[in-house]
Amino acid sequence: MSSVASKVHPLFSSLSHFLTWRTLGFRTICSGRLGFATSDTDQPVAGTKVLDSFKEEFEIGSRLITLETGKIARFANGAVVLGMDETKVLSTVTSSKGDAVQDFLPLTVDYQEKQFAQGVIPNTFMRREGAPKERELLCGRIIDRPIRPLFPAGFYHEVQVMASVLSSDGKQDPDVMAANATSAALMLSDIPWGGPIGVIRVGRICGQFVVNPTMDELSLSDLNLVYACTKDKTLMIDVQAREISEKDLEAGLRLAHPEAVKYLEPQIRLAAKAGKHKKEYKLSMISDRTLENVSSLAEASIEAVFTDPSYGKFERGEALDKITQEVKKTLEVECDEESLQVLPKAVDTVRKKVVRKRIITEGFRVDGRHLDQVRPIYCEAGNLPILHGSSLFSRGDTQVLCTVTLGAPGDAQRLESLVGPPTKRFMLHYSFPPFSINEVGKRMGLNRREVGHGTLAEKALLAVLPPENDFPYTVRLNSEVMASDGSTSMATVCGGSMALLDAGIPLREHVAGVSVGLVSEIDPSTGEIKDYRIVTDILGLEDHLGDMDFKIAGTRKGVTAIQLDIKPAGIPLDIICESLEHALKGRLQILDHMDREISAPRTQDDRNSPRLATLKYSNETLRRLIGPLGALKRKIEEETGARISVSDGTLTILAKNQSAMEKVQEKIDFIIGREIEVGGIYKGIVTSVKEYGAFVEFNGGQQGLLHISELSHDPVSRVSDVVSVGQQLSLMCIGTDVRGNIKLSLKATSPRLESDKRNVVEGSVPVQKEDIHVWASIEDVSNERKQESPLSKNNTSGVNHSTSEIPIILIRSVAECDEEEKSSGLSQSSKSGLKPTAAPKCDVREKKIPSQDDDVLSLFTIPNGFSSSKPKIPKAFLEKGRKKASNSTFKFEDGDEDRCNTSQTDTHEKLSDDETKVESLMTTKNLKLGTKVNAKVFQIRAHGLVLDLGGGIRGMYRFEGNDKDSFELGNELMVECSNFTSKGIPVMSLVDEE
């Protein structure tokens, strides 16, 4: 780069080197000022920073794990990076420096997953992470629950834990790694804490337990167990399972404990290398003198309240508040300032002592129940009938209202987590409003407690939902707590299970949940539990004054979800396993009440039950439906209230009810149509009316022919008497003709009289409608309609070909064909020098044949209103006779074969005695090659005759030479069947009279 001086003036570039600025001792020009430049030898060289890092490596469950500290986040009280494969998590802990002013431990745990950990820029508008997501809050709870009980009693200084994912390979879930890193960081810090702890994840695949499973292995597992413990006691359990038995669950817990203990020794070794000395913090403790003074004043009154079962939740609370106020007045008179400062804490300690003593010694609880007794239960399903599903569940004073809303697959929640599925189709939203505990408060954003309780209930119910292939709906379950007196999350499980069945969702089993508590007595000398009682269905007060809150949900077959929170510094695993049996007994009692209310999916009516339809189209067709910038799609959704989602070749429609579904399908069919199916009902508009029928535009611009014979079950003389141009009709597709033209029917959509039903041809195509999935009761599943094969497969008839080898074809009448010739410009006056013209588009309709029990198989009959003249026999024929026709293939010119046939009627003419000389009754069964029959000339065409063979059967005879003038209508001829055309029409030859 050239110097600044050379850019200022070109003269500077020609100066010698010794006259430049640097040789004279000046700096380069900067902002118009000059300065002396220092010598390069005088500049200090930056030294190398040496970071003292410490690392521990160990292996658990065939995974190599590393703990490292000292390299990053050196100012925190403690910082550790835990790595497993390519996933690394940083956890830091800090504590406030001042004295504590609270009477509780203000512990805050923040877990964050930033998108840079997987090399992705956030998809938000600001392109940065926003508020904590649900998964981040749940992972924070996984860290918080096991470490909180190990802080010393009276330590009320503010502590903050921040865990961040530095990199993720998507194979390991970082939540367990963050919990172990937090334990190591607390061990390194100067904060007093009773760790270390170990946290492990255990899965089960094909009956075999897997330690530290990957995300792929976890998707195949029927168990997701997160277990936290110290060396000999359990701290936290979190389980999601698919109806695992209590015995198998206990085996998983006993396997998880020694595996989790393997995390402890590396943390101790790392703390010995790089740990800080624990700082002396001031602990807020209640003196023995204060506790004795408050106990002497309040214990008797508190015991009287707790032994009276007639008290309700709020009455009991008011009585205890009065006792506290009386003690306060007494202490004010005695001027005991020390006791007044800790009075609420001291009174709470006395309450805890009284309640626990009564439970252990007498076996009775504050509301008078036995230890294993469940509170009275009230169940009601469908209490809000206009909703898709609803229920009301009450257990004691705890009450929860659950509602279910069904949506389209596109309504699934999109997840932006580092691991796990990208979407979630079942969502349970739990709300705990302030009025449920008679308090005043503000509704804020995501609450950690609400998210945790809702996720627990969601895990419990997810195990019994039908698979996505069988049940494509997105489900949102709302749980609104109406009143709370303990275990609202387990009440949500019970109410949610009933609401899902009320919505018609085919759950495999009912799910119920119950919360189990523990009251223990500790030996002061050893700190071990010397006596304990397990309590079923705990109250809110028992949760507050007890040692644990063990929430267990499941079916009659096994457990689906567990959440264990404790208050002491660990509980023996044997007590935890014993609690499983107590929870099972209580759960079965609740399931009995729920089964009596609703035990099977409810069948929904058309008014409230949603409808879901999935249709297949080409991408080009779907682009026409969406319109420019999605304008057409939005317009349909606004007009019908339905939701339309489009994916690659698939159109999904969700409507509130059947009428809305029909409305949106009608609009979609009008724009793009749908795949034509035989038997399908379509709405169309008449575009033109002819003598032989009407042309109808339907299904997105497609044309079809409504023949006059398909207008009504009764005879119709004129088409215009039934339909008119511009009229909208609902028509059924009954097939196609030989040229692929679509044939429609109006009479097939109208009810047939009972007397006419006997004439319906057996095996006719049933009416088909779109395959709409309506999830009703299990008994109705077998009655689901099956989709018929599309028209493109030409599966248009169910003809029993074993009845006759002759194809059964129906051709238009002469009048219809003449009209078609005039409209098509294909009259017989065409020049003879031209090539044969194509046959007109006659309405060739495949007909269903009667069953074998029918006496007569009618192929062709005289059209309505047609009558022939009186039969006349020409003399030339009587004298001369005719030679037998050859057996070579008989061919008419193009179009003649179609013109010699007529439309079918339901009546058959009786044959006269003269007509039975050779065959008494002509049918397709006895009409074979060589069969002789008396026939009448029915029509005289340009190249041959149309013969009436009797029984409604028509045959063809080709002129030989110039004998056209020898025949007249009604002549009786002796003919013999010599061949059949490709369409099954008999070809006749004259027989010489003997």
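Positions are given from 1 along the sequence.
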Review point. Would Asp565 and Gln563 count as having a side-chain donor-acceptor pair, cut-off 3.5 Å?
Key: yes
Point to revise | Sole residue of Arg533, Arg356, Lys567 in salt bridge (Lys or Arg N to Asp or Glu O under 4.0 Å) with Asp547 | key: Arg356
Review point. Can you tell if the side chain of Ser183 reaches within under 4.5 Å of the side chain of Trp193, non-hydrogen atoms only?
Key: yes
Check your understanding: Are Lys133 and Glu416 close enough for a salt bridge, meaning some N to O gap below 4.0 Å?
Key -> no
Review point. Thinking salt bridges, do Asp523 and Lys530 make one under a 4.0 Å N-O criterion?
Key: no
Check your understanding: If you measure from the Lys or Arg side-chain nitrogens to the Asp or Glu carboxylate oxygens, is any gap between Glu259 and Lys262 under 4.0 Å?
Key -> yes
Revision key, fill the gap. What one should report as the nearest heavy-atom pair of Lys278 and Ile191 is NZ-O, 2.9 Å
Practice item. Applying side-chain hydrogen bond (donor to acceptor under 3.5 Å, both in side chains) between Tyr430 and each of Asn447, Thr455, Thr488, Thr492, report the one that passes. Key: Thr488
Check your understanding: With a cut-off of under 6.0 Å to the ring centre and 45° to the axis, is Arg449 in cation-pi contact with Phe432?
Key -> yes
Review point. Should the pair Tyr263 and Phe58 be assigned to parallel (<30°), tilted (30 to 60°) or perpendicular (>60°) ring geometry?
Key: perpendicular
Revision key, fill the gap. Nearest heavy-atom contact between Ile552 and Ala583 is CD1-CB, 3.3 Å
Check your understanding: Any sub-3.5 Å donor-acceptor pair from Ser189's side-chain atoms to Leu186's backbone N or O?
Key -> yes
